[in-house]
Amino acid sequence: MEENRYSPQETEKKWQEIWKKKDFHNTDLSEKKRKKFYGLVMFPYPSGDKLHLGHWYNFGIADSAFRFQKMQGQNVFAPFGFDSFGLPAENFAIKTGVHPADTTEANIKVMERQIDEIGGMYDFDKEVVTSRPDYYKWTQWLFLQMYKNGLAYRKNEPANWCPECQTVLANEQVQGGKCDRCGSEVTRKMLNQWALKLSSYAEKLLDYEGLDWPEKTIKMQQNWIGKSHGAEIDFRLTDGDGILTAYTTRPDTIYSVTFVCIAPEHPLVDDLVKGTKYEKEVNEVRSKINKQTLIERTSEGGEDKIGCFTGRYVVNPVTKEEIPVYIANFVLMYGTGVVMACAHDQRDFEFAKKYNISLRFVISENGEKTDPKNFEGAYTGDGVLFDSGDFSGMNNREALPKMVSFMEGLGFGRATVNYKLRDWLLSRQRYWGAPIPIVYCDKCGEVPVEESSLPVELPRNVDFKPTGDGMSPLAKCSDFVNTKCPKCGGPAKREVDTMDTFVCSSWYYLRYPCSKMTDKPFDKDVLKKWMPVDLYIGGPEHACMHLIYARFVNRVLFDLGLIDHKEPFKKLIHQGMITKDGAKMSKSKGNTVSPDEFVAKYGSDVLRMYLMFMGPYSDGGDWSDKGIVGISRFQDRFFRVIADEKEVVDMNEMHRSLHKLIKKVSEDIESFHFNTAISALMEFVNLAMKNGLDRASKKVLVQLIAPLAPHLAEECFSLIGEEKSVFESVWPKFDKKLIVESKVKLGVQVNGKVRGEIEVDIDASKEDVLELARSLSNVQKYLVLGEVVKEIFVPGKVIGFVVKEK
RNA sequence: GCCUGGGUGGCGGAAUUGGUAGACGCGCAGGACUUAAAAUCCUGUUCCUUCACCGGAGUGCGGGUUCGAUUCCCGCCCUAGGCACCA
């Protein structure tokens, strides 16, 4: 007897070649017939390592989602590119001497080939590579637009400094006080830095209207942006006319304020102590604080609270008391950089105890007077005010707005909002990045490069070893540094820092549909058609980095009238992480798992489906190959169901099941529940093994599995005589009439416990159903134990009797 | 400390406007085919008790609401991720 067997290795190669030959995945961007669908996976860094299972999970499953959309009849655009500037290539270069441009281009070639092995429908024709001049030219252009509109500026400020990577980091790139690349403890370093006014977009970035994003991601961003409502309160210095303005979210505690703290890096500190006997000590403490790493400075716990008295006093505007001003390490340049300190804040409380500053309470649970002397820590709860002038006796939360208006009336306070979000420091003292297009001229000062002379090309022959003094390697390249001033033509020097790679990735989604344009970064009309990205897939670790920067840049371009859409990514999905033995896969841990052996053994469709079958897409999971053989068996059974000729036993039942399957698979793929879509397909295939399947149903079945197992589906589709690609066919629709069940099984409960089961017509009357249920002997047994006081009938679900014992 | 998720068989996981918990797959056990093996197919598989039926327990722990709770409420524990001296 002839056996039909599926051979994934040959078949997959065959279809990959056919797709390539037909240019199947090259999207016609100008097509008008179908609706557009822009699907995007966050572009990868072109690492020299081979693709691991995480990549497959990411790119393979995203591809299934895009193929599904294609079969919905949409013109799908799923481009691919590389985020190719950055430290790994540069560090590799320092170690080996191979130029980053060479390793990067070589790695890209290797990765492209590996993506093909997944069987993805990615469009490489519109590829974007951020380290190529035809791309970073426009990254520089973007910087100039920011600059011209006052959104890019230079500031001399202590910045986050990674001593290992020898570069500045943005706030977003410091994770728990450590460099998010290399894990070194971040220190502070005074540097002249380019920054983008991200903070001025805080409020706009809080608008998520129309976005289909995971709630969790929005929460994370909101948390990062950190909007708080509070008040600014002015404290007049006792000598001179100076005013220190404090920001507080607790103006209700104003009557308890017994001292004021100012951030050590606050520009007013010098004025406060200049020429006084406190100057020396303040400067000593300041430099001590400055030397602290971010972790030391910001870790909680009273021990490491340090500060010192400035010798100056201010007046508490409501109690009129003269209170001392301190510098303190726990006060950051947030809000106004000045805080009013009191016994109702734990940090202030600890600081006061350490430096013997007097404390006083004005809130207690019931309004009875309490004294901090009898307390170990601050009272931070709500309650009733006392010793608070006219506000005594009121609930503190109710009094809060009234106290603000009271202070507003007297002119020393006002309601304000604050954000934790800071500006985006983008200078990097590294070689492998896009040069910042600015020159410095002795005569004209800081001058932007003319747009017409972009790109400012990154010179190739540079000693990229770190200079050791915190300077960019480009500083040593005199051919690069020395240039002419675009304004006066005189001698000038180029900016030698390069841009944070997150600038490159903040706008790449705009470039894909316009990647062939040489005279502009993008075209407004083309983007009007293709933006926003309909489905964006990437890891949740980018919630407070790339996803904030991209929204910011997009919004700026919108405000400048250069594009027509407010938000770049309409729907966002995060893939979960694939771990090995519970740990993140990484080369250094040596726990990466290569897909190769599984592809060789079972085929790429099987690996892809197995990854999907592990669980919900956003959960990720711990890798184990234990169950992959089950998917492989399923692939074989699927093929046999299609390939074998078998008499169909129960046509009607098969059709009903098939239509239920269409509904289930459609909904599950749409909602990224690939695991249950596959289960449903398995159930159906098992049924079809038994009952056989007619040709029309086979066609539908093949269509349903196509997004999940593209090669298998193409092979089966041609096997049953279809001439076109399955991906050119239209997704099947289910017939509502066919999925309605005529009979239904009901559980019969007595006092909530299941005692039997009956099968009835779906529209059977309550009386009939109850009658039948009562007649079950095992139900009878429990009914006779007492009196039936209640009968429950939930159509299609359950029948219940409540029996009360006699 | 704060903000999110999540805890279900030996394992990955299904199922929640409250209604028969454990779909599907792995593994395991038994059987068929085979000289034998592989492959394939069939049957069983939450735990306890039982030959079997019946029965009891059961969705992290402790309470509560309900005829009925994996699902809702209160209080905990564990775990993953994010934020963290933000006044």
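Each chain gets a letter, A, B and so on, in the order the sequences are listed, and its residues count up from 1. Any value given below was found using the heavy atoms of this structure, including those in side chains, with hydrogens, waters and symmetry copies removed. As the structure is a computational prediction, the values presented were derived from the model and not from experiment.
The number of heavy atoms from other shown groups lying within 6.0 Å of NZ (A:K601) does not exceed 12. A:E376 CD: 12 or fewer foreign heavy atoms inside a 6.0 Å radius.
With sequence neighbours left out, the salt bridge (Lys or Arg N to Asp or Glu O under 4.0 Å) criterion links A:R755 to no other residue. Remark: A:K663 engages A:E667 in a salt bridge (Lys or Arg N to Asp or Glu O under 4.0 Å) (not counting sequence neighbours). For A:Y610, the side-chain hydrogen bond (donor to acceptor under 3.5 Å, both in side chains) test picks out no residue, with sequence neighbours left out. Under the salt bridge (Lys or Arg N to Asp or Glu O under 4.0 Å) criterion, A:E203 pairs with A:K227, sequence neighbours left out. Annotation: salt bridge (Lys or Arg N to Asp or Glu O under 4.0 Å) contacts of A:K216 (sequence neighbours excluded): none.
Out of B:A87, B:C41, B:C83, the shortest distance to the side chain of A:W224 is found at B:C83. Nearest to the side-chain atoms of A:V629 among the listed nucleotides B:A87, B:A21, B:C26 stands B:C26. For A:N686, counting side-chain heavy atoms from C-beta on, the closest listed nucleotide (B:U4, B:A87, B:G25) is B:G25. Residue A:E757 has its side chain nearest to B:U20 when only B:A87, B:U20, B:C41 are considered. For A:M220, whose side chain is taken as the heavy atoms from C-beta onward, the closest listed nucleotide among B:G82, B:C41, B:C83 is B:G82.
Residue pairs satisfying the salt bridge (Lys or Arg N to Asp or Glu O under 4.0 Å) criterion with at least one member in residues 245-268 of chain A, sequence neighbours excluded, are listed as follows: A:R250-A:D252, A:E265-A:R297. Pairs passing the salt bridge (Lys or Arg N to Asp or Glu O under 4.0 Å) check and including a residue from residues 334-346 of chain A, sequence neighbours excluded, read A:D345-A:R347.
B:G56 and B:G44 have their P atoms separated by 24 Å, given to the nearest Å.
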Q. Given pairs defined as Watson-Crick or G-U wobble with both distances under 3.5 Å, what dot-bracket annotation applies to RNA chain B, with ( ) intrastrand, [ ] crossing, | other strand and . unpaired?
A. (((((((..(((......[....)))((((((.......))))))(((......)))..(((((..]....))))))))))))....
(Q) Run the side chain to side chain contact (heavy atoms under 4.5 Å, CB included) test on A:I662 and A:H659 for me, step by step, so that the C-alpha distance in whole Å, both residues' side-chain angles and the decisive distance to 0.1 Å come before the verdict. (A) CA-CA 5 Å; A:I662 296 172; A:H659 281 255; 4.2 Å; yes
Using atom names, set out every protein N or O paired with an N or O of nucleotides 45-54 of chain B below 3.5 Å, distance rounded to 0.1 Å.
| residue | atom | partner | partner atom | Å |
| --- | --- | --- | --- | --- |
| B:C54 | O2' | A:K781 | NZ | 3.2 |

Protein N or O to nucleotides 66-74 of chain B N or O, pairs below 3.5 Å:
| residue | atom | partner | partner atom | Å |
| --- | --- | --- | --- | --- |
| B:C67 | O2' | A:G752 | N | 3.4 |

What's touching nucleotides 10-12 of chain B from the protein side, N or O pairs under 3.5 Å?
| residue | atom | partner | partner atom | Å |
| --- | --- | --- | --- | --- |
| B:G12 | O2' | A:M614 | O | 2.8 |

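Between the side chains of A:R188 and A:Q292, no donor N or O sits under 3.5 Å from an acceptor N or O. Side-chain N/O atoms of A:T249 and A:H229 include no donor and acceptor closer than 3.5 Å. A donor-acceptor pair shorter than 3.5 Å can be found between the side chains of A:E172 and A:Y549. A donor and an acceptor atom, one from each side chain of A:N418 and A:S228, are nowhere located under 3.5 Å apart.
Taking the six-membered ring wherever Trp is involved, the centroid distance between the rings of A:F361 and A:H344 falls below 6.0 Å. Centroid-to-centroid, the aromatic rings of A:Y334 and A:Y419 stay 6.0 Å apart or farther.
Note on A:V331: a base of the nucleic acid sits closer than 4.0 angstrom, heavy atoms only. At a threshold of 4.0 angstrom between heavy atoms, the contacts of A:P540 with the nucleic acid are absent. Counting non-hydrogen atoms under 4.0 angstrom, A:L681 reaches nothing in the nucleic acid.
Using a 4.0 Å cut-off on heavy atoms, the residues of residues 413-424 of chain A that approach RNA chain B are A:K420, A:R422, listed by number.
At the phosphate of B:A14, OP1 or OP2 sits under 4.0 Å from a side-chain N or O atom of A:N675. Residue A:Q175 has no polar side-chain atom (N or O) positioned under 4.0 Å from OP1 or OP2 of B:A84. Listed pair A:R633 / B:G27 meets the phosphate criterion, a side-chain N or O lying under 4.0 Å from OP1 or OP2.
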